[in-house]
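First listed ligand is number 1; within each ligand, the first listed atom is number 1. One-based numbering along the sequence shown.
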Amino acid sequence: MLRPWLPIPPDSDFSIHNLPFGIFSDERPARAGVAIGNWVVDLATAHGLNMFPHHPEAGSAFRKPVLNELVALGRGFSDYVRKIIQTALCDSESVLKQFSDHLLIPQKSVRMHMPLKVGNYTDFYSSEEHAFSVGKIFRPENPLFPNWKHLPVAYHGRASSIIVSGTPVPRPRGQIGQANGTPAFKPTNALDYELELAWVIGKDSSVGQPVSVADAEDYIFGALLFNDWSARDIQRWEYQPLGPFTSKNFASGVSPWIVTWEALQHFRVPAPPQQPEPLPYLVNEPRQNFDLSLSVSIRPDNGEEFSVCQTNARGIYWTVAQQIAHHTVTGCNLQTGDLLATGTISSKDISQKGCLLEATLNGTQPIKLGEGIERRFLEDHDEVIMRGFGQNGDVRIGFGELRGKVLPPIS
Ligand code: CA
């Protein structure tokens, strides 16, 4: 039992078991930190006080405005840093306690930044409930395409417009197909969120060398919450035959704290069985997912927030190991800081759908938020709030919040 001297609220996402990494700034420039309770541990200052004596060379990684250099030092290094902080939090004689005025900064007084320079972002489509429900809206006779149970379907997304929680999203304009077969140019009338997790790649692989499904998990640094903002009406007109383009390239949100692979191990669960068995390069046993509760709320302008989705990541059909094996099987390489997103995560019930497209059956069945308030898709000034956490006995670990507010279109 770990007993920290720092008061940590029992329902905090940032328990002593979590210790996720992020980039924050106060009156000093952006730099690396670890979240604990309502505080941030300033890693650059901690390094200056010799809290990490086995890694004197790591100081520059803590002072960078993104975590790529720290991530590239490997999971052995990040686990070492977390272990030192965990031990210091339970030792009332520690440097962390003695210099807590300098080392612990209240989260409410800092600004969080985009934690990574993301080189590549790939968006999968791994939740069977989501793929089936969306397929059923458009192809009731044939919801899943014949490839879906044989490979983890994905497309290469846009990395430059990945934004950190709190960054507003202006309503995009684009081409929207009309009944007469020609496009109108106007703001989207079907703006949606997609509730996803994104895996952070923690080490490079080489061009021409596939990563085997058995080795794939070694390449993961941790995970974030991910909101793949989508304009459904633009998507409907543009997506054939090469897939979504401007309907999804304007913004994708991430939560600011990267929950580490080590911290997530508390929540491993068996993944659902696969039938038919995939090709050998995608077969690994045991196949495992993570038991993580995920939710979405919408907060209309200046109003209270309403829950619109409660789901869980444990039922994902294609595991992250299978995603990596498939992504690299051609010889495509992974780079440190890449993100692999799961795709929208949904469960069976209508209250468990990770996007409005599914929850409102493509806008035909509005969902009720509160008295006199309903939504088919998002309206201007709506704020979308995503949360996620795991709970296993006394161990609770969460991602914090991923917030994004819809602004009126840029004129
Ligand atoms: Ca998506």
Side-chain angles (χ1 to χ4, degrees), residues 118 120-138 143-145 147-148 151-163 165 167 169 172 174 188 190-201 223-240 242-255 289 292 294-296 308-309 311-313 315-320 322-324 326-327 338-347 352-360 362-363 377-378 384-386 388 399 402 404 406:
V118 179
N120 300 277
Y121 141 55
T122 306
D123 196 19
F124 284 85
Y125 194 48
S126 299
S127 159
E128 183 174 2
E129 287 294 346
H130 170 69
F132 187 86
S133 304
V134 170
K136 210 166 125 189
I137 292 170
F138 299 111
L144 287 184
F145 281 115
N147 61 3
W148 199 88
L151 55 83
V153 168
Y155 68 98
H156 286 114
R158 183 71 191 171
S160 66
S161 53
I162 298 177
I163 51 180
S165 176
T167 312
V169 177
T188 175
L191 186 60
D192 201 356
Y193 51 80
E194 291 190 336
L195 170 64
E196 310 192 12
L197 289 173
W199 298 102
V200 177
I201 295 299
L224 297 159
L225 294 174
F226 194 88
N227 180 356
D228 180 22
W229 294 90
S230 302
R232 302 299 183 191
D233 41 9
I234 298 173
Q235 184 177 356
R236 201 176 305 126
W237 170 249
E238 75 175 2
Y239 87 101
Q240 298 187 65
L242 290 183
F245 181 34
T246 63
S247 56
K248 285 170 178 280
N249 73 1
F250 55 95
S252 310
V254 294
S255 51
N289 279 335
L292 297 168
L294 305 170
S295 68
V296 185
V308 290
C309 168
T311 185
N312 194 293
I316 291 174
Y317 191 84
W318 294 104
T319 65
V320 62
Q322 291 176 308
Q323 291 175 351
I324 288 173
H326 185 63
H327 201 304
D338 287 355
L339 295 185
L340 305 188
T342 54
T344 308
I345 299 171
S346 293
S347 308
Q352 300 173 318
K353 302 302 187 187
C355 62
L356 286 172
L357 174 71
E358 269 180 277
T360 68
N362 196 21
F377 289 102
L378 295 168
V384 177
I385 305 153
M386 296 182 173
F399 291 89
L402 165 51
V406 180

**Q** Which protein atoms of type N, O or S are found under 3.0 Å from the Ca ion (ligand 1)?
**A**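 Per the 3.0 Å query on the Ca ion (ligand 1), atoms found are D123 OD2, E194 OE1, E196 OE2, D228 OD2.
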**Q** According to the interplanar angle, ranging from 0 to 90°, do the rings of H327 and F124 count as parallel (below 30°), tilted (30 to 60°) or perpendicular (above 60°)?
**A** tilted
**Q** Can you tell me if S346 and K353 form a side-chain donor-acceptor pair at under 3.5 Å?
**A** no
**Q** With side chains defined as the heavy atoms from C-beta onward, is the minimum distance between T188 and F250 less than 4.5 Å?
**A** no
**Q** Are the side chains of W237 and T246 in contact, using a 4.5 Å heavy-atom criterion?
**A**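 Side-chain contact under 4.5 Å: no.
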**Q** Pick one: which of I345, T344, L195 meets side-chain contact (heavy atoms from CB on, under 4.5 Å) with H130?
**A** T344
**Q** Taking side chain as C-beta onward, heavy atoms only, is T122 less than 4.5 Å from D338?
**A**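 A side-chain contact under 4.5 Å is absent here.
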